[in-house]
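These values consider heavy atoms only, across backbone and side chains, with no hydrogens, waters or symmetry-generated copies.
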Amino acid sequence: MATSLDADTRPIIPDDIARIVIAPKSYTDDATIYRAFKWLREHMPLGIAQVPGYDPLWIVTRHADIREIERNAKLFHNADHNPVLNDQASDAFTREITGGTTRLLSSLTYMDPPEHASYRMLTANWFLPGKISKLEEQIRVLARQSVDNLLSFDGECDFVRDFALHYPLRVIMTLFGVPPEDEPKMLKLTQEFFGVHDPEEQRPEMAADPVVAAKQWAASIEDFYAYFDKLSAQRREQPTDDLLSLIANSRINGVPIPRDEANGYYVAIATAGHDTTSSSTAGGLHGMMVYPENWAKVKADPGLIPGLVDEAIRWTSPVKHFMRNATADTQVRGMDIRSMERLMICYPSGNRDEDVFTDADRFDITRSPNPHIAFGFGPHMCLGQHLAKLEMRILFEELLPHLQSVEMAGDPRLVETNFVGGYKALPIRFKKV
Ligand code: HEM
């Protein structure tokens, strides 16, 4: 089923650069991955990667091209192939267990028009800024608890393990309606779900398996389903006002949504809803430690916190890619893209594009405007973007007044992933006010 891209006159990315962009390990080292993206933006903003073991694919690194492709969801599909890049062996395994498709999960990400819109509409209203802002007080209580917990450390901690990992998880699980005692289970499953390539996040029985990505992905989805089946049945019997209940009782054209689609929704929200936000929060603090003038500015003027949030998300770009599939022959940036060819959309690269961002590698909370594409673009643009920004703003509003200073107490460590990830550890030393 692998598509084949003929080389002919179309640009082929040098092997070493193509391997860097595709390999999960490259994302553990910002210098390596951002150097490769910079080279591509400058020399081959749309080029073909031919890495053995993977389908040939276009790598898209410019902000404008990413927006153009993502905006056109009829011409560039999510679901004709896997919207997440896996090697061919993993995709073959997925097809084997699904009976021929790469749709392992019936979530929004695996849907195209018109199916996508009908499912997205079920919760779109719940996620609107006006609705989300009503949750502010509820979220602030969780933020205060997390800050109290951080301050209980004696001036030194791992900002990720001891803090950033837990708060977004608490927020989304509380709004979702998952009981607090089940949060560790949700965290572990999410880390396995996104960390399929990271040896520290792998299930022991998966290590050294050539199709580890697909197998681990499938195993965590199965565990999520087993968990959510029970909760879903409860909410159908006794509806409440949480998000899970809204989805469990949703109907399309008067018919209750099927089990797989309900579970796909839960898994997408339960996973996408916290890892991304934790990483961006850690990235915000890291950015201010590397570029300390920002710390001084935001301490003097808390009105800069929304700018800090946006810059943290741009600079961190916790979602590394999604894939698109051309549905017809077309052109982007003058390049001939043929029907059924695959494109890898590289958000971190678009967010460092020199045509859009001045001094793009620099962390600058006063950057304005900040038209980053860390949430994607077009009809699939992140459903939870307003919630992510709200919870990060509240967290920094609660945290910063309690800290006099903060500095690095060791090197940060990043997750080995080309999909969703970011900080695994950020050791800090801090002084309380
Ligand atoms: C989709 C990023 C937080 C739920 C996406 C996409 C990106 C993204 C890049 C794909 C967009 C595209 O294909 O164009 C982020 C970042 C976050 C974040 C950077 C935090 C800083 C959240 C939160 C939730 C969430 C808090 C839920 C509570 C979703 C869902 C989708 C999605 C359901 C699929 C949307 C669709 O395909 O229609 N996100 N996300 N995300 N995100 Fe987020």
SB check [X] [Y] (cutoff 4.0 Å):
| X | Y | result |
| --- | --- | --- |
| Arg140 | Glu136 | yes |
| Glu416 | Lys424 | no |
| Arg362 | Glu311 | no |
| Asp242 | Arg235 | yes |
| Glu222 | Lys215 | no |
| Arg120 | Glu115 | no |

Would [X] and [Y] count as a close aromatic pair, with their ring centres under 6.0 Å?
| X | Y | value |
| --- | --- | --- |
| Tyr347 | His321 | no |
| Trp315 | His372 | no |
| Phe159 | His286 | no |

Return the minimal non-hydrogen interatomic distance between [X] and [Y], and the atom names on each side.
| X | Y | value |
| --- | --- | --- |
| Tyr291 | Asp361 | OH-O, 3.7 Å |
| Leu108 | His380 | O-CE1, 3.3 Å |
| Gln138 | Leu175 | OE1-CD2, 4.0 Å |

_Would Arg367 and Phe357 count as a cation-pi pair here, with the cationic atom under 6.0 angstrom from the ring centre and within 45° of the axis?_
no
*Phe377 six-ring centre to Arg67 NZ/CZ under 6.0 Å and within 45° of normal*: yes
Is a donor on one side and an acceptor on the other found under 3.5 Å between the side chain of [X] and the backbone of [Y]?
| X | Y | result |
| --- | --- | --- |
| Ser279 | Thr276 | no |
| Asn78 | Arg324 | no |
| Thr417 | Phe419 | yes |
| Tyr265 | Tyr119 | yes |
| Ser107 | Gly264 | no |
| Ser106 | Glu261 | no |
| Asp301 | Lys297 | no |
| Asp353 | His63 | yes |
| Arg342 | Asn82 | yes |
| Arg41 | Arg352 | yes |

*Test side chain to side chain contact (heavy atoms under 4.5 Å, CB included) on Asn263 and Phe224 and set out the steps.*
CA-CA 8 Å; Asn263 276 336; Phe224 268 125; over 6 Å; no
Can you confirm whether [X] sits close enough to [Y] that some side-chain heavy atom of one is under 4.5 Å from a side-chain heavy atom of the other?
| X | Y | result |
| --- | --- | --- |
| Leu403 | Lys431 | no |
| Leu400 | Ile305 | yes |
| Tyr167 | Thr281 | no |
| Gln238 | Gln234 | no |
| Thr277 | Met392 | yes |
| Trp295 | Leu285 | yes |

*With salt bridge (charged side-chain N to carboxylate O under 4.0 Å, His left out) as the test, would you mind laying out the steps for Glu68 and Arg333 before giving the verdict?*
CA-CA 10 Å; Glu68 184 181 333; Arg333 197 176 277 274; over 6 Å; no
List, one per line, each side-chain donor-acceptor pair under 3.5 Å for residues 141-151, sequence neighbours excluded.
residue : atom : partner : partner atom : Å
Arg144  : NE   : Glu398  : OE1          : 3.3
Gln145  : OE1  : Arg170  : NH1          : 3.4
Ser146  : OG   : Leu142  : O            : 3.3

*asked:* Taking side chain to side chain donor-acceptor pair (under 3.5 Å) as the criterion, tell me which of Thr101, Asp55, Asn86, Asn325 meets it with His81.
replied: Asp55
